[in-house]
Trainee: 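A single structure is presented below for examination.
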Amino acid sequence: MELYNTLTQKKEEFVPHTPGQVKMYTCGPTVYHYAHIGNLRSYIMEDVLEKYLRWAGYRVDRVMNITDVGHLSSDADTGEDKMLAGAKREHKTVLEIAKFYTDAFFADCEKLHIRKPDTVVPATTRIPDFIHMVEALLEKGYAYEAGGNVYFDTSKLENYYVFGNQSGEDLAVGVRDSVEEDQNKRNKTDFVLWFTKSKFEDQELKWQSPWGLGYPGWHIECSAISVKELGEYLDIHCGGIDNAFPHHTNEIAQSEAYLGHPWCKYWFHVLHLNDARGKMSKSKGGFLTVSLLEEKGYNPLVYRLFCLQSHYRKPLTFSFDSLDNAAQAYQKLAQRIAALSKEGQPDETAMKPYREQFAAALGNDLNTSLGLTVLYDVLKADLSDASKRALIGDFDQVLSLGLLEAAERQAKPAGKELSPEETAEIEALIQKRAEARKAKDWATADAIRDELAARHVVMKDTANGVEWHVEG
Ligand code: AMP
Ligand code: ZN
């Protein structure tokens with residue numbers, strides 16, 4: 001497989017440290033709020049990568065942390081702890097908040113067919129490991145104590161900015177003027193490994209340490225958890241592109257200083273999901289969640305398809321219009337699959353070239369949209385229905401769009417009998433929505449879509465206008 005590596009800024013042949021085995025680490029969510037669909041874009045694409053590697057024959061061992069302590073409201077070392085802010089907002093304890101939003105995160109993942117990693121580790125369960133790593137960094141001279149905190153000394157590294165392609169804006173996060181400078185730091189880019197002193201003294205969770213009662217910095221958790229669970233050589237580290245700096249840069253500094261050799265070979269970063277206001281982010285508020293999509297009548301797997309239609313290394317802009325297009329595409333796919341006969345046996349020889357095309361698409365830096373094109377080619381191909389079904393089932397081990405299941409549902413008569421009055425009412429609403437959309441009156445169009453969704457109306461644009469039925 002060829003994979004783009006942020007570390008070298010090149011597409012490279014993927015060669016794991018141990019042949020046939022992939023050790024993969026993923027930065028998990030900061031569980032102070034629901035995951036938004038931007039976060040979930042990253043997790044969907046990472047899931048496809050994991051599943052493709054398994055499909056291609058690798059054994060994959062994947063670990064994810066849950067950030068339930070230490071992630072401050074600025075990605076630099078300043079501000080309030082995000083978890084504590086969440087707990088205050090909801091009048092709960094930090095651990096209650098963490099449990100609630102961790103469960104909500106995995107419920108969303110399940111709806112999006114994102115496989116739960118083999119090992120999931122909440123940061124608060126590994127404090128002794130963090131302390132051990134900080135002690136080792138102090139012993140090796142890569143860290144220093146100042147003003148009650150322990151800092152990583154970035155001047156000890158030959159090259160701190162390992163991801164050379166960072167934009168000026170990204171780099172500014174840690175060093176920009178508006179971030180109040182911490183007088184304890186020897187260098188602007190130094191970062192906290194362990195806090196005992198902060199302006200935010202009301203931190204709820206604190207632990208005893210050789211430096212006094214305190215709590216870990218954000219970056220140390222991923223280094224310590226990854227090294228402990230996956231060993232000294234990591235093959236792939238994943239995350240959204242905003243994590244490249246400072247989080248991943250600091251992880252590399254810590255892990256390599258601790259281990260004394262290069263640590264992770266491939267860095268896989270997913271570009272952002274944006275909306276009309278720019279990057280979708282939890283702190284901005286007003287973000288979109290899986291539950292909200294469901295309330296509006298969308299199957300979460302339609303969002304997965306929407307993500308797969310684009311390459312992970314391109315920013316993706318979300319709009320309900322493009323989600324509607326994905327919904328139509330999903331339904332059409334399900335219909336075409338439903339029309340395939342279940343009789344007969346697949347012909348392995350005839351299927352082989354399509355498998356190879358699919359492997360070539362996904363193996364080329366995870367080109368999911370090309371993978372979908374191969375799936376459409378299969379539907380059009382001169383193949384038996386049994387072979388087509390077998391190929392779709394096979395590809396869906398990677399794409400996880402639930403296509404065969406959706407086709408099953410399609411095959412069953414879903415429509416509910418309606419009275420002529422109900423039919424006329426719905427027809428009128430659909431007509432009004434079309435007019436509102438034409439007039440670019442999105443508020444009205446959205447309100448009508450919500451009302452139709454509440455009545456379980458499923459719509460489909462066809463050459464003859466909108467076709468619809470009521471589910472249930
Ligand atoms: P957080 O919960 O903030 O720690 O973020 C969880 C994951 O989502 C990280 O890998 C982030 O890099 C990623 N992420 C955050 N915002 C976005 C976005 N708008 N689009 C894609 N990924 C994102
Ligand atoms: Zn991390």
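Computed from heavy atoms alone, side chains included, the values below leave out hydrogens, waters and symmetry copies. Just so you know, ligand 1 is whichever comes first in the structure, and atom 1 is the first atom listed for that ligand.
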Trainee: Answer yes if the side chains of D61 and Q21 hold a donor-acceptor pair under 3.5 Å, and no otherwise.
Mentor: no

Trainee: Taking only heavy atoms of S42, which atoms of ligand 1 are found under 4.0 Å from at least one of them?
Mentor: 13 (C), 21 (C), 22 (N), 23 (C)

Trainee: Going by the salt bridge (Lys or Arg N to Asp or Glu O under 4.0 Å) test, name the single residue among K314, R313, K11 that passes it with D365.
Mentor: R313

Trainee: Hey, which atoms in ligand 1 end up nearer than 4.0 Å to a heavy atom of G239?
Mentor: 10 (O)

Trainee: To the nearest 0.1 Å, how far is atom 3 (O) of ligand 1 from its closest protein heavy atom, and which atom is that?
Mentor: T30 OG1, 4.1 Å

Trainee: Who's closest to atom 10 (O) of ligand 1 heavy-atom-wise, of G240, G28, A35?
Mentor: G240

Trainee: Evaluate Y43 for polar contact with ligand 1, using N/O atom pairs at a separation under 3.5 Å.
Mentor: no

Trainee: Answer with yes or no whether H36 contacts ligand 1, where contact means a heavy atom under 4.0 Å from a ligand atom.
Mentor: yes

Trainee: Using a strict cut-off of 4.0 Å, indicate which atoms of ligand 1 neighbour a heavy atom of K279.
Mentor: 16 (N), 19 (N)

Trainee: Which heavy-atom pair separates M83 from V31 by the least distance, and what is that distance?
Mentor: CE-O, 3.3 Å

Trainee: Which ligand 1 atoms, with their elements, are less than 4.0 angstrom from a heavy-atom of N243?
Mentor: 9 (C), 10 (O), 11 (C), 12 (O)

Trainee: Judging by distance only, is a nitrogen or oxygen of L273 under 3.5 angstrom from one on ligand 1?
Mentor: yes

Trainee: Name the residue from D446, D441, D450, D324 that meets the salt bridge (Lys or Arg N to Asp or Glu O under 4.0 Å) definition with R433.
Mentor: D324

Trainee: Under 2.8 Å from the Zn ion (ligand 2), is there any N, O or S atom belonging to C222?
Mentor: yes

Trainee: Hey, mind stepping through H33 and F287 against ring pair (Phe, Tyr, Trp, His ring centres under 6.0 Å) and telling me if it holds?
Mentor: CA-CA 11 Å; H33 219 315; F287 52 76; 5.1 Å; yes

Trainee: If hydrogens are left out, which of V270, D242, N39 has an atom nearest to atom 8 (O) of ligand 1, that is, the closest non-hydrogen atom?
Mentor: N39

Trainee: Distance alone, cut at 3.5 Å: any donor-acceptor contact between the side chains of D153 and S155?
Mentor: yes

Trainee: Verify whether one side chain among H248 and H269 offers a donor that lies under 3.5 Å from an acceptor in the other.
Mentor: yes

Trainee: Locate the shortest heavy-atom distance separating L230 from Y25; write the atom from each residue and the value.
Mentor: CD1-CB, 4.1 Å

Trainee: Does any N or O atom in I241 lie less than 3.5 angstrom from one in ligand 1, N or O only?
Mentor: no

Trainee: In E251, the N, O or S atom nearest to the Zn ion (ligand 2) is which?
Mentor: OE2

Trainee: Tell me the protein heavy atom at minimum distance from atom 18 (C) of ligand 1, and give that distance in Å.
Mentor: H272 CD2, 3.5 Å

Trainee: Looking only at side chains, do N149 and Y151 share a donor and an acceptor under 3.5 Å apart?
Mentor: yes

Trainee: Hey, is the Zn ion (ligand 2) within less than 2.8 Å of some N/O/S atom on H248?
Mentor: no

